[in-house]
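For reference, the structure discussed in these notes is given below.
One-based numbering, in listed order, for ligands and for the atoms of each. In this chain, numbering begins with 1 at the start of the sequence shown.
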Amino acid sequence: MLNSVALVGATHGNETSGIQLVKNWRHSGIPAQYTSTLTLSLHLANEAALQANVRFIEEDLNRQFSAAALQEQGSAQEAILARQLNATLGPKGDSATDLVIDIHNTTSAMGATLIILEASEFYIQLARFVKQHMPEANILLEDEKPFSDHRYLCTTGKRGVMLEIGGQPQGVLRQEVYQLTEALTHTVLDFCLAYQQGQTSNLPPCEGFRLGHEVQFPLSAAGEREAMVHYQLQDADFTPLLAGQPVFKCFDGSEIVWEGESPTYPHFINEAAYAKQHVAFATASLVTL
Ligand SMILES: [Zn+2]
């Protein structure tokens with residue numbers, strides 16, 4: 001069954017395209033084709049972070065939704081907010097919402113990326129539908145752990161996905177990023193209508209990317225960066241990266257080349273939100289869904 005759908009922006013308060021989409025649909029009304037058979041609700045998750053134009057106030061809201069974290073009674077603003085959102089959208093594990101669609105931006109050149117957390121029948125059908133109707137979209141599968149073990153807001157739903165659109169600087173709205181956000185949101189909602197009609201079971205297989213691991217910037221013993229992302233890797237998200245190709249330009253003038261699995265499909269390259277953790281990019285392998 002797929003009836004109640006929640007569309008969420010502002011899980012990160014400076015990721016503007018989903019925020020603007022929710023605001024626009026609140027203002028102009030949800031497109032009529034989605035309201036006759038779906039119960040679609042609109043949410044701005046972290047209003048305080050949105051007002052402050054920051055990712056979060058105290059803690060990352062999109063890391064608060066593990067079962068353990070929800071039970072911990074943490075006192076950070078986002079921990080309190082997560083419990084409220086879990087009551088509204090969930091509760092996780094016994095959710096009243098059939099699908100949570102959580103819209104994000106990335107500063108990386110990832111285009112319109114649909115993130116799914118499980119390669120089960122529903123998500124495979126969704127991935128195939130998205131690739132068929134929006135071939136330029138990317139499918140990213142993060143199934144390194146079970147769906148419910150993820151700490152993401154979208155796991156409050158019976159099912160949940162994230163839309164990750166980029167590249168867009170934090171706090172900035174770019175027209176082409178907004179339009180990709182709108183197109184991918186429409187495509188996912190169109191899938192919901194088709195799924196209700198039982199029209200999604202015979203779609204052709206599609207290609208996706210399965211998350212591998214994170215790659216750190218090279219750091220000195222003092223914890224200082226010794227290199228930047230190489231210009232040939234910058235903005236090359238989801239382009240095959242082969243052994244021997246440069247990934248870092250060191251400040252001493254040398255280059256570091258890729259020595260890992262070949263090819264890999266780098267993404268979240270130089271993502272601003274991961275800079276504090278010194279994450280340079282994430283790897284992925286090809287997967288057929
Ligand atoms: Zn985000």
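Shown here for His150 and Glu142, the closest heavy-atom pair between the two residues is NE2-O, 3.2 Å.
Counted within 6.0 Å of CD on Gln216, heavy atoms from surrounding residues, nucleotides or ligands total more than 12; the atom is thus considered enclosed.
Hydrophobic clustering, with ILVMFWY side chains joined whenever heavy atoms are under 4.5 angstrom apart, groups Phe238 together with Ile165.
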Practice prompt. Could you give me the CA-CA distance, side-chain angles and deciding distance for Phe217 and His278, then say whether ring pair (Phe, Tyr, Trp, His ring centres under 6.0 Å) is met?
Written response: CA-CA 6 Å; Phe217 283 95; His278 296 297; 7.0 Å; no
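With hydrogens and angles left out, the side-chain atoms of Glu164 and Thr106 include no donor and acceptor closer than 3.5 Å.
The pair Arg55-Glu15 counts as a salt bridge, with a side-chain nitrogen and a carboxylate oxygen less than 4.0 angstrom apart.
Tally of protein N, O or S atoms closer to the Zn ion (ligand 1) than 2.8 Å: 4.
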